[in-house]
Amino acid sequence: MWKRFSSNRPALVGVVLLVAVIAVALLAPVLFPNGPWKMVQRPFLMPMAVDGLPLGTDTLGRDVAAQLAYGAQVSLLVGLVSTLVALLIGVPLGALAGFYGGYVDEGAMRFTEFFQTIPNFALAIVLVAIFEPTLASITLAIAIVSWPPVARLVRAEVMSVRRREFVDAARLAGLSKPRILLTQVLPNTVSPIIVMASLMVATAILLESSLSFLGLGDPNALSWGYMIGAARTVIRSAWWLSFFPGLAIIITVLALNLIGEGLNDALNPHLRKRGQKP
């Protein structure tokens with residue numbers, strides 16, 4: 001798998017970009033010990049106008065570079081945690097529906113379709129508006145709108161795997177259904193889940209940025225979307241306040257999508273058999 005992944009140059013570029021973003025997020029307290037909220041100079045300083053402020057200052061004289069680094073922590077955290085929560089909801093539900101079928105499958109899919117009748121972004125706005133906008137509520141809202149596709153994917157994969165010979169052999173060996181599901185079926189559905197998870201992180205970052213841009217973000221947590229939303233009224237006179245966080249979002253989402261495509265090429269058994277990309 002690693003050999004095939006490493007031969008995919010776009011995927012390697014995605015890894016390099018993502019590692020750089022994660023490094024900046026982890027090193028933010030070291031690079032900017034004063035934090036992102038402290039006023040360091042007069043407002044609206046352009047990039048490179050003053051030594052030590054490579055990206056300039058915002059409307060209150062705060063360091064844009066520091067905000068960008070600390071914003072990476074928030075955006076990545078929301079993306080990762082919301083994806084994990086969505087997987088914790090969608091994987092078990094889809095696995096039970098696909099393995100047991102019948103009324104279990106019918107009930108699980110009708111429950112999933114209920115959430116899919118409302119557009120994701122609209123539902124996220126409603127959920128965040130109902131509760132106080134905090135990182136926890138935003139993360140939970142994104143997870144709630146993200147799990148239905150996971151459930152459907154896992155259901156389809158489980159339904160395919162459960163018909164294979166090694167599952168029949170496990171039944172003949174006397175293994176219980178829960179044990180067959182956990183030890184024989186689910187391990188063979190990991191590959192598409194990993195690929196989908198990498199893409200879900202990117203989608204979650206975009207959703208969080210959109211919510212923060214609309215003023216539904218946590219006012220005590222500085223994210224890239226919050227930076228763009230705060231700068232939208234001065235976008236003509238201070239272009240850099242929205243340009244740099246927007247560029248950070250583009251780079252991160254692009255990196256995650258490149259990694260997701262690389263993982264799909266590396267983990268897809270049909271592609272391995274043909275020895276070529278689609």
Side-chain angles (χ1 to χ4, degrees), residues 1 78-128 137-168 170-171 177-208 210-211 253 256-272 277-278:
M1 184 201 75
V78 171
L80 290 172
V81 174
S82 62
T83 298
L84 288 175
V85 175
L87 291 176
L88 289 176
I89 299 173
V91 171
L93 191 64
L96 292 173
F99 187 75
Y100 288 99
Y103 291 111
V104 176
D105 183 26
E106 191 72 18
M109 288 302 99
R110 297 298 80 78
F111 181 67
T112 303
E113 288 172 358
F114 170 77
F115 284 90
Q116 291 186 306
T117 56
I118 307 174
N120 288 354
F121 189 54
L123 180 58
I125 290 176
V126 171
L127 293 174
V128 175
S137 64
I138 293 170
T139 302
L140 182 61
I142 295 174
I144 289 175
V145 302
S146 300
W147 70 263
V150 179
R152 288 193 169 276
L153 172 69
V154 175
R155 172 181 176 267
E157 291 294 325
V158 169
M159 291 179 69
S160 175
V161 172
R162 72 176 185 179
R163 299 186 180 96
R164 297 181 183 175
E165 292 79 3
F166 63 87
V167 176
D168 294 333
R171 291 194 183 97
K177 287 186 176 181
R179 187 174 178 183
I180 293 174
L181 176 60
L182 292 174
T183 63
Q184 304 296 323
V185 177
L186 275 180
N188 287 279
T189 65
V190 171
S191 297
I193 295 174
I194 293 175
V195 175
M196 189 173 194
S198 65
L199 301 176
M200 287 173 61
V201 175
T203 303
I205 291 175
L206 289 175
L207 275 174
E208 186 279 328
S210 301
L211 291 171
V253 172
L256 288 166
N257 278 277
L258 291 175
I259 293 173
E261 291 181 4
L263 288 172
N264 185 47
D265 290 347
L267 296 173
N268 193 320
H270 301 292
L271 294 178
R272 287 203 300 268
K277 297 179 183 179

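Residue indices begin at 1 and follow the sequence shown. Because the structure is a prediction, the values reported are computed rather than measured.
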Item checked: Heavy-atom pair of closest approach, residues Met159 and Arg163 ->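 Looking at all heavy atoms of both residues, the closest pair is O-NH1, 2.7 Å.
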
Measure the spacing between [atom1] of [X] and [atom2] of [Y] and express it to the nearest 0.5 Å.
X      : Y      : atom1 : atom2 : answer
Thr83  : Leu88  : OG1   : CG    : 11.0 Å
Thr117 : Leu123 : OG1   : CG    : 8.5 Å
Ile89  : Ile144 : CD1   : CD1   : 6.5 Å

According to side chain to side chain contact (heavy atoms under 4.5 Å, CB included), who are the partners of [X], at least two apart in sequence or on a separate chain?
X      : result
Pro192 : Leu153, Glu157
Leu206 : Ile249, Val253
Phe121 : Ile125, Leu207, Ser210, Leu211, Leu214

Item checked: Qualifying residues under side-chain hydrogen bond (donor to acceptor under 3.5 Å, both in side chains), relative to Asp168, sequence neighbours excluded ->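 So Asp168 forms a side-chain hydrogen bond (donor to acceptor under 3.5 Å, both in side chains) with Arg171.
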
Checklist line | Which residues share a side-chain hydrogen bond (donor to acceptor under 3.5 Å, both in side chains) with Thr139, sequence neighbours left out | finding: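 Thr139 satisfies side-chain hydrogen bond (donor to acceptor under 3.5 Å, both in side chains) with no residue once adjacent residues are dropped.
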
Next item on the list: Return yes if some donor-acceptor pair links the side-chain N/O of Arg162 with the main-chain N/O of Val185 below 3.5 Å, else return no.
Entry: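 Flag not set: sc Arg162 to bb Val185 has no pair under 3.5 Å.
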
Next item on the list: Sequence neighbours left out, what passes ring pair (Phe, Tyr, Trp, His ring centres under 6.0 Å) with Phe166? Give chain and number order.
Entry: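 Phe166: no ring pair (Phe, Tyr, Trp, His ring centres under 6.0 Å) contacts found.
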
Next item on the list: Determine which pairs satisfy salt bridge (charged side-chain N to carboxylate O under 4.0 Å, His left out) with at least one residue from residues 180-197, sequence neighbours left out, and list them in order.
Entry: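 Passing the test, one end in residues 180-197: no pairs.
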
Notebook entry, point to check: Can you pull the salt bridge (charged side-chain N to carboxylate O under 4.0 Å, His left out) pairs that have at least one residue in residues 141-151, sequence neighbours excluded?
Noted result: none

Next item on the list: With sequence neighbours left out, write down each residue that passes salt bridge (charged side-chain N to carboxylate O under 4.0 Å, His left out) with Arg179, or none if nothing qualifies.
Entry: none

Check: Can you name the salt bridge (charged side-chain N to carboxylate O under 4.0 Å, His left out) partners of Glu113, sequence neighbours left out?
Finding: Arg110, Arg152

Check: What residue pairs, at least two apart or across chains, pass side chain to side chain donor-acceptor pair (under 3.5 Å) with a residue in residues 96-105?
Finding: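 Listed once each, the pairs are Asp105-Arg155.
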
Donor-acceptor contacts, no H, no angles, side chain residues 196-204, under 3.5 Å, sequence neighbours left out:
unit_1	atom_1	unit_2	atom_2	d
Ser198	OG	Val195	O	2.6
Thr203	OG1	Leu199	O	3.1

Note to self: Out of the candidates Thr189, Val154, Val190, only one should pair with Val91 under the side chain to side chain contact (heavy atoms under 4.5 Å, CB included) rule; please name it.
What the structure shows: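 Single side chain to side chain contact (heavy atoms under 4.5 Å, CB included) partner of Val91 among Thr189, Val154, Val190: Val154.
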
Next item on the list: For the pair Trp147 and Phe111, name the ring-plane relationship: parallel under 30°, tilted 30 to 60°, perpendicular over 60°.
Entry: parallel

